[in-house]
Student: 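Please see the structure below; I have some questions.
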Amino acid sequence: MDAAIEVRGLAKRFGDVAAVAGIDFEVRRGELFGFLGPNGAGKTTTINLLTGLARPDAGSVRIAGIDCTRDGKAAQHLMGIVPDESNLYPELTGLDNLCFCGALYGMPRREREARTRELLETFGLADAAGRKFAAYSRGMKRRLTIAAGIIHRPPILFLDEPTTGIDVASARQIRGLIAGLSRGGTTIFLTTHYIEEAERLCGRIAFIVAGRIVRTDTVENLMQPLEGRRAVEFTLDGAAENLAEDLRAAFPALEAQQVGPGRLRVTSARPLSIGPLVRFFEDRGLAVGEARKVRPSLEDVFVEVTGIEADRMRAEREKPAGAAP
Amino acid sequence: MKTWIAFWNILVKDMRAYYLKPPNISWGLIFPLAWTLMFFIRSGAGLESVRELLPGVMGISILFGTTSMLAVTLTFEKRGRSFERLLLAPIPLELLMLAKIGGAVLFGVANAFVPVVMAACLADLGGVAWGAAAAAVVLVAVSSALLGLFVAVSVSEVFEAQTFSNFFRFPMVFLCGLFFPIEKLPALLRPLSYALPLSYGADALHEAIRGAGRLPPWLDFAALAAFCLLLFLVSLRNVRRKWIL
Ligand SMILES: Nc1ncnc2c1ncn2[C@@H]1O[C@H](COP(=O)(O)OP(=O)(O)O)[C@@H](O)[C@H]1O
Ligand SMILES: [Mg+2]
């Protein structure tokens with residue numbers, strides 16, 4: 001009974017697509033668990049399976065010890081759900097939306113009205129309480145949607161890409177609110193395709209790719225192999241074929257990786273001297289525009305474990321939220 | 001208790017957000033008036049035929065007030081994905097669907113009494129079996145709302161919901177004996193009439209309002225109740241199959 005969420009052999013396909021292909025994991029009570037993977041990895045489908053919006057083809061789900069596989073409704077009063085799209089009622093005001101969501105969880109009028117006022121305050125929406133949801137900005141919609149997810153003080157909260165597609169300031173505020181909820185003892189299951197977000201917020205992270213979990217561990221353990229590693233990122237004016245390979249051949253102790261057009265990341269287990277590297281580039285007719293020391297990050301681990309280039313994950317940020325069903 | 005708070009608030013929210021909006025209210029007033037006028041002009045009849053027309057006008061007021069309203073609002077909530085909130089709420093699916101249907105039923109019942117009030121101003125409505133009329137109105141509203149639910153689970157766009165509702169309800173105006181007795185329809189169409197719940201509702205209304213039913217009242221009510229139950233169970237199954245992936 002220590003686990004808030006317990007998933008065994010969970011699988012779901014849509015026609016030919018194995019959206020979730022047999023995953024196992026456990027989220028402990030009070031933990032902030034991250035589900036990190038690119039678009040289409042199966043994150044939303046997993047949340048739908050856990051919350052009762054979709055029926056699994058195989059496997060079992062336990063929420064706070066309650067077996068949800070047979071009866072998706074069984075544990076719904078314990079869960080708060082923030083979907084990947086802000087899906088409140090456009091024609092209702094912010095205040096009415098929250099009150100209505102409280103009522104859906106059976107909160108008596110006085111209680112839900114007090115809680116609504118409290119949440120509007122916390123989420124910086126008190127001034128917009130009387131405006132229709134349809135007239136809110138993207139960031140405000142997102143915040144109200146999160147508020148609606150916690151109106152009934154659920155012990156377990158599901159957050160599906162809470163900061164995707166909104167402005168930087170709102171995203172930062174939302175991360176702060178999530179961290180606050182976690183400190184307050186709420187168990188949180190968070191999906192994201194922002195590596196830094198997962199690294200910053202989560203205690204443990206599962207990497208999910210193409211419906212499978214490829215690695216689950218604490219952020220510290222995931223980062224462990226990177227301890228003492230140095231990394232420098234060079235911005236080069238120009239391009240050369242097989243630059244990374246050539247560099248590895250010339251400096252066997254170094255690791256090199258193209259991280260973007262004209263950007264090469266060089267990592268080493270020992271102190272790095274820049275001089276020989278600059279000469280190496282200049283010999284190939286490449287001027288070094290910038291050399292920047294970078295902190296090894298979860299991104300490096302993710303790239304190594306999943307084989308997915310950081311660039312591809314980054315490109316997905318540009319996509320509007322919830323564009324693909 | 002908690003479940004009833006949810007049930008009640010879903011119903012009230014739908015009433016406030018959709019049904020009691022000015023365009024819908026004015027529609028509920030203009031629609032029966034327009035139909036009544038059309039019949040007076042066409043038949044050249046006097047005020048004495050108000051009572052003859054009343055059951056039919058009540059029937060279409062309910063049909064047009066509920067079916068597409070429920071179909072459209074449900075499809076709208078499905079598209080905007082706010083419907084997922086209801087599916088995720090800890091209330092049984094049966095009760096959730098009853099709450100959604102309930103709003104449309106109340107709206108349909110209210111619509112049915114608009115022509116009644118209008119008729120009462122124009123003609124003497126003495127001798128109407130009000131109890132039977134009210135029961136028939138409620139059952140017609142429930143079956144029409146369930147038809148809207150059936151439409152909603154079959155489509156995914158709002159305009160499809162509108163079109164598909166019309167596909168049902170326009171033929172029903174003529175097939176169900178609202179204005180022309182079913183016996184006057186071509187023999188080929190008559191079985192179709194008896195496969196539609198509104199035929200029994202119209203018959204019950206004709207009986208209650210002017211003593212001119214053609215089937216025994218118990219058969220009307222039994223058939224209506226059976227249709228409602230069947231439609232509800234089929235719709236529930238469809239919702240489970242199509243809306244919970
Ligand atoms: N309702 C659906 N019908 C068909 N395919 C779906 C459906 N939902 C998801 N998929 C597919 O399942 C895979 C996983 O999708 P999803 O769980 O939404 O990924 P993520 O949330 O990680 O971006 C994708 O290939 C997606 O196209
Ligand atoms: Mg998703």
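To find a chain, count down the sequence lines: A is the first, B the second, and so on, and within it residues start at 1. Atoms considered below: every heavy atom in the structure, side chains included; atoms not considered: hydrogens, waters and symmetry mates.
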Student: Atom CZ of residue position A:Arg8 - does it have more than 12 heavy atoms of other residues, nucleotides or ligands inside 6.0 Å?
Tutor: yes
Student: For the backbone of A:Leu104 and the side chain of B:Lys2, can you confirm whether one donor and one acceptor N or O come within less than 3.5 Å of each other?
Tutor: no
Student: If I measure from the heavy atoms of chain B, does A:Cys101 come under 4.5 Å with its side chain, its backbone, both, or neither?
Tutor: side chain
Student: Evaluate side-chain contact (heavy atoms from CB on, under 4.5 Å) for B:Ile10 paired with A:Phe100, printing each intermediate quantity in order.
Tutor: CA-CA 8 Å; B:Ile10 292 170; A:Phe100 179 69; 4.0 Å; yes
Student: When rounded to the nearest 0.5 angstrom, what distance separates CD in A:Glu91 from NZ in B:Lys13?
Tutor: 5.5 Å
Student: Could you tell me whether B:Trp8 atom CH2 has more than 12 heavy atoms of other residues or ligands within 6.0 Å of it?
Tutor: no
Student: Run the salt-bridge test on B:Arg16 and A:Asp96 with the 4.0 Å N-O cut-off and return the result as yes or no.
Tutor: yes
Student: Does any backbone or side-chain atom of A:Met79 lie under 4.5 Å from a heavy atom of chain B? Answer side chain, backbone, both or neither.
Tutor: neither
Student: Where is the tightest heavy-atom contact between B:Ile5 and A:Gly106, given as atom of each residue plus distance?
Tutor: CD1-O, 3.3 Å
Student: I need the A:Leu53 CG to B:Leu88 CG distance, nearest 0.5 Å.
Tutor: 4.0 Å
Student: Most heavy-atom pairs under 4.5 angstrom with chain A, which of B:Pro92, B:Pro90, B:Ala17, B:Ala6?
Tutor: B:Pro90
Student: Chain A heavy atoms under 4.5 Å from B:Arg241: which part of the residue, side chain, backbone, both or neither?
Tutor: backbone
Student: Pick from A:Ala103, A:Pro90, A:Gly52: which one has the most heavy-atom pairs with chain B under 4.5 Å?
Tutor: A:Ala103
Student: Any side-chain to backbone donor/acceptor pair from A:Lys73 onto B:Ile91? Under 3.5 Å, distance only.
Tutor: yes
Student: Could you have a look at A:Lys12, A:Gln76, A:Met107 and say which one has the most heavy-atom pairs with chain B under 4.5 angstrom?
Tutor: A:Gln76
Student: Within a strict 4.5 Å, meaning less than it, do heavy atoms of the A:Ile81 and B:Arg85 side chains meet?
Tutor: no
Student: Under the 3.5 angstrom rule, does the side chain of B:Arg81 hit a backbone N or O of A:Pro83 as a donor-acceptor pair?
Tutor: no
Student: What distance do B:Tyr18 atom OH and A:Tyr89 atom OH have between them, rounded to the nearest 0.5 Å?
Tutor: 6.5 Å
Student: Near B:Glu94 CD, under 6.0 Å, is it more than 12 heavy atoms from other residues, nucleotides or ligands?
Tutor: yes
Student: Ignoring hydrogens and geometry beyond distance, is a side-chain donor-acceptor pair present between B:Asn9 and A:Arg109 at under 3.5 Å?
Tutor: no
Student: Check each atom of B:Phe76 against the heavy atoms of chain A and say whether the ones under 4.5 Å are side chain, backbone, both or neither.
Tutor: side chain
